[in-house]
A.B. asks: 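The structure's right below; bear with me while I get my questions together.
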Amino acid sequence: MEGSASCRYQLLDLPWEDVLVPHVLCFLPMHHLMILQRVSKQFQALIQVYLANCRSFDLSQVGPCIPKQAFCNMLRDNKVLQNLTLQNCSEWVTDKELLPVIGQNHHLQQIDMNGCDRLSRQSLVAVSLSCAHLKHLSLAHCEWVDSLSLRSLADHCVGLESINLTACRQLKDEAVCYLARKCLKLKSLSVAVNANISDVSVEEVAKNCPQMEHLDLTGCLRVRNESIRTVVEYCTKLQSLKVNHCHNITETTLGLLRKRGVEIDVEPPLQRALVLLQDVVGFAPFINLQI
């Protein structure tokens with residue numbers, strides 16, 4: 001058509017902070033963002049704008065392959081993080097990389113350090129001092145977590161709702177009891193795979209955390225019926241209990257929770273026997289047994 005001019009727009013011509021950041025980049029997985037920032041200097045600048053404003057940063061998919069310096073650069077301008085996932089970053093993340101991120105992000109509500117075994121108690125102390133609004137924390141398989149750092153967390157993050165302390169083998173009853181007395185809003189707790197945890201911890205958790213919904217005691221060999229009866233009495237909102245390999249807890253006690261509809265990860269003895277019999281000889285009982 002005479003007098004008309006064809007206009008060709010490119011992606012980067014769209015408004016960055018009004019369109020690309022909130023409506024495009026937020027839908028891209030982290031590994032796509034990492035690839036995109038290597039396309040050109042303009043894309044690198046765009047991704048940096050996005051990362052400076054993102055509320056959630058999840059490295060669970062790309063953790064093993066991201067360089068230390070890339071992690072530091074990506075979050076250097078961010079002060080608004082609410083969720084941080086460092087799962088699968090155990091090969092490279094240390095206090096040196098994490099402490100600056102924690103120190104400038106005071107709005108963090110959820111942190112996953114699952115398996116980050118190169119960190120130290122300094123990182124947990126930094127979390128406790130900087131993240132007063134923290135609600136969810138995973139420290140599974142972080143054997144550097146000790147009683148002193150957990151006490152610091154309990155003192156400063158009293159609004160904590162869930163914490164995963166699976167295989168934090170330095171922890172003993174004293175530390176877990178202190179946590180229970182300070183963090184009264186706890187709804188989910190795992191102290192699985194810890195031979196030091198006994199009835200003392202479980203009873204303190206039950207009496208101080210009435211909102212408890214999910215309790216994982218897997219492999220806590222020193223936990224017995226007595227503390228589970230305390231859980232029955234005080235944790236009226238309990239939804240699930242994991243007690244696999246807890247050989248000192250009997251069905252007599254667990255049955256009280258089953259009647260309330262609590263999901264338990266071990267089957268009743270009679271049901272296990274019937275399943276085993278069916279698997280071995282193909283026997284299918286015709287009688288409807290009330291377990």
Side-chain angles (χ1 to χ4, degrees), residues 30 54-64 66 71 75 81-95 97-99 101-102 105-171 175-176 178-180 182-183 185-194 196-197 201 205 209 211-220 239-242 244 265:
M30 184 60 65
C54 69
R55 302 296 198 271
S56 182
F57 191 78
D58 185 350
L59 288 179
S60 59
Q61 300 300 317
V62 297
I66 184 173
F71 170 77
L75 287 179
L81 270 183
Q82 294 181 1
N83 304 314
L84 175 62
T85 299
L86 297 173
Q87 191 174 354
N88 295 330
C89 299
S90 60
E91 294 181 5
W92 57 267
V93 69
T94 67
D95 294 341
E97 290 77 44
L98 184 59
L99 289 178
V101 176
I102 297 297
N105 282 281
H106 304 293
H107 303 287
L108 278 163
Q109 297 181 17
Q110 181 170 332
I111 303 176
D112 184 345
M113 302 183 194
N114 191 357
C116 294
D117 53 11
R118 295 195 180 190
L119 296 174
S120 78
R121 60 185 303 275
Q122 282 185 283
S123 287
L124 186 54
V125 172
V127 167
S128 67
L129 296 177
S130 297
C131 309
H133 306 291
L134 192 67
K135 293 183 178 180
H136 309 284
L137 178 63
S138 179
L139 297 166
H141 304 283
C142 294
E143 296 196 19
W144 45 265
V145 176
D146 60 8
S147 296
L148 213 57
S149 57
L150 192 67
R151 286 173 69 98
S152 177
L153 179 77
D155 283 334
H156 296 92
C157 300
V158 296
L160 202 63
E161 295 182 7
S162 71
I163 185 167
N164 188 340
L165 298 170
T166 297
C168 293
R169 294 187 177 91
Q170 285 197 58
L171 297 180
V176 175
Y178 191 86
L179 177 75
K182 291 286 186 174
C183 300
K185 297 180 180 180
L186 273 178
K187 296 180 180 180
S188 177
L189 170 67
S190 173
V191 288
V193 199
N194 192 329
N196 294 319
I197 300 303
S201 289
V205 168
C209 306
Q211 306 299 318
M212 187 62 64
E213 296 177 357
H214 306 284
L215 183 59
D216 189 347
L217 304 173
T218 303
C220 294
Q239 298 178 18
S240 70
L241 175 67
K242 294 184 178 181
N244 200 17
D265 64 337

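The structure displayed is predicted, hence computed values, not measured ones.
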A.B. asks: Nearest heavy-atom pair of S240 and H214: which atoms, and what distance?
C.D. replies: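 Heavy atoms of S240 and H214 come nearest at OG-ND1, 2.7 Å.
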A.B. asks: Please list, chain by chain and in numerical order, all residues satisfying salt bridge (Lys or Arg N to Asp or Glu O under 4.0 Å) with K182, sequence neighbours excluded.
C.D. replies: D155
A.B. asks: Is there a side-chain contact between V191 and L171 (heavy atoms, below 4.5 Å)?
C.D. replies: no
A.B. asks: For T166, enumerate each residue passing the side chain to side chain contact (heavy atoms under 4.5 Å, CB included) test, keeping only those at least two apart in sequence or located in another chain.
C.D. replies: A140, H141, N164, S190, A192, V193
A.B. asks: Give me the atom names and distance for the closest heavy-atom approach of C183 to A154.
C.D. replies: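 So the two residues come closest at SG-CA, 4.0 Å.
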A.B. asks: Pair V205, L186 - check side-chain contact (heavy atoms from CB on, under 4.5 Å), show working.
C.D. replies: CA-CA 9 Å; V205 168; L186 273 178; 5.9 Å; no
A.B. asks: If you round to the nearest 0.5 Å, how far is CD of E213 from NZ of K187?
C.D. replies: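 Between atom NZ of K187 and atom CD of E213 there are 5.5 Å.
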A.B. asks: To check you understand the geometry: which heavy-atom pair defines the closest contact between F57 and L81, and what is its length?
C.D. replies: CB-CD2, 3.8 Å
A.B. asks: Any donor-acceptor pair under 3.5 Å linking the side chain of D58 with the backbone of M30?
C.D. replies: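 Between the backbone of M30 and the side chain of D58 there is no qualifying donor-acceptor contact (under 3.5 Å).
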A.B. asks: Would you compute the distance between atom CG of D216 and atom CG of N244 and round it to the nearest 0.5 angstrom?
C.D. replies: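 Reported to 0.5 Å precision, the distance equals 9.5 Å.
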A.B. asks: Is any side-chain heavy atom of V145 less than 4.5 Å from a side-chain heavy atom of Q170?
C.D. replies: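 Heavy-atom side-chain distance check fails, nothing below 4.5 Å.
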A.B. asks: Could you measure the distance from the CG atom of L160 to the NE2 atom of H136? Nearest 0.5 Å is fine.
C.D. replies: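 Reported to 0.5 Å precision, the distance equals 8.5 Å.
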A.B. asks: Kindly compute the distance separating CD (Q211) from SG (C209), expressed to the nearest 0.5 Å.
C.D. replies: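 Between Q211 CD and C209 SG, I get 9.0 Å after rounding to 0.5 Å.
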A.B. asks: Show which side-chain atoms of residues 120-134 pair as donor or acceptor with protein atoms under 3.5 Å away, not counting sequence neighbours.
C.D. replies:
unit_1	atom_1	unit_2	atom_2	d
S120	OG	D95	OD2	2.3
S120	OG	Q122	N	3.2
R121	NE	D146	OD2	3.0
S123	OG	D95	OD1	2.6
S128	OG	V125	O	2.6
S128	OG	S152	OG	2.7
S130	OG	A126	O	3.3

A.B. asks: Restricting to non-hydrogen atoms, name the atom on V101 and the atom on E97 that form the minimum distance, rounded to 0.1 Å.
C.D. replies: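 Residues V101 and E97, closest heavy atoms: CG2-O, 3.8 Å.
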A.B. asks: What pairs of residues pass the side-chain hydrogen bond (donor to acceptor under 3.5 Å, both in side chains) test when at least one of them lies in residues 81-93, not counting sequence neighbours?
C.D. replies: none
A.B. asks: Which residue pairs pass the salt bridge (Lys or Arg N to Asp or Glu O under 4.0 Å) test with at least one member in residues 129-143, sequence neighbours excluded?
C.D. replies: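 Only E143-R169 qualify under salt bridge (Lys or Arg N to Asp or Glu O under 4.0 Å).
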A.B. asks: What are the two closest non-hydrogen atoms of I197 and S201, and how far apart are they?
C.D. replies: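 For I197 versus S201, the nearest heavy atoms are CG2-CB, 3.8 Å.
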A.B. asks: Identify the heavy atoms of L119 and T94 that sit nearest to each other, and give their distance.
C.D. replies: CD2-C, 3.4 Å
A.B. asks: Could you walk me through whether Y178 and L153 satisfy the side-chain contact (heavy atoms from CB on, under 4.5 Å) test, starting with their C-alpha distance in whole Å, then the side-chain angles of each, then the deciding distance to 0.1 Å, before giving a yes or no?
C.D. replies: CA-CA 10 Å; Y178 191 86; L153 179 77; over 6 Å; no
A.B. asks: For N194 and L165, run side-chain contact (heavy atoms from CB on, under 4.5 Å): C-alpha distance rounded to whole Å, both residues' side-chain angles, the deciding distance at 0.1 Å, then the answer.
C.D. replies: CA-CA 9 Å; N194 192 329; L165 298 170; over 6 Å; no
A.B. asks: Quick one: are V62 and F71 in side-chain contact, heavy atoms under 4.5 Å?
C.D. replies: no
A.B. asks: So, taking the atom named CG in L137 and the one named OG in S162, what distance separates them when rounded to the nearest 0.5 Å?
C.D. replies: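 Going from the CG atom of L137 to the OG atom of S162 covers 8.0 Å.
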A.B. asks: Check salt bridge (Lys or Arg N to Asp or Glu O under 4.0 Å) between R118 and all other residues, then give those that pass, not counting sequence neighbours.
C.D. replies: none
A.B. asks: Look up atom SG in C89 and atom CG in L59, then write down how far apart they are to the nearest 0.5 Å.
C.D. replies: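 That separation rounds to 4.5 Å.
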A.B. asks: Under the criterion side-chain contact (heavy atoms from CB on, under 4.5 Å), I'd like the reasoning laid out for L98 against L84: C-alpha separation, chi angles, the key distance, then a yes or no.
C.D. replies: CA-CA 11 Å; L98 184 59; L84 175 62; 4.0 Å; yes
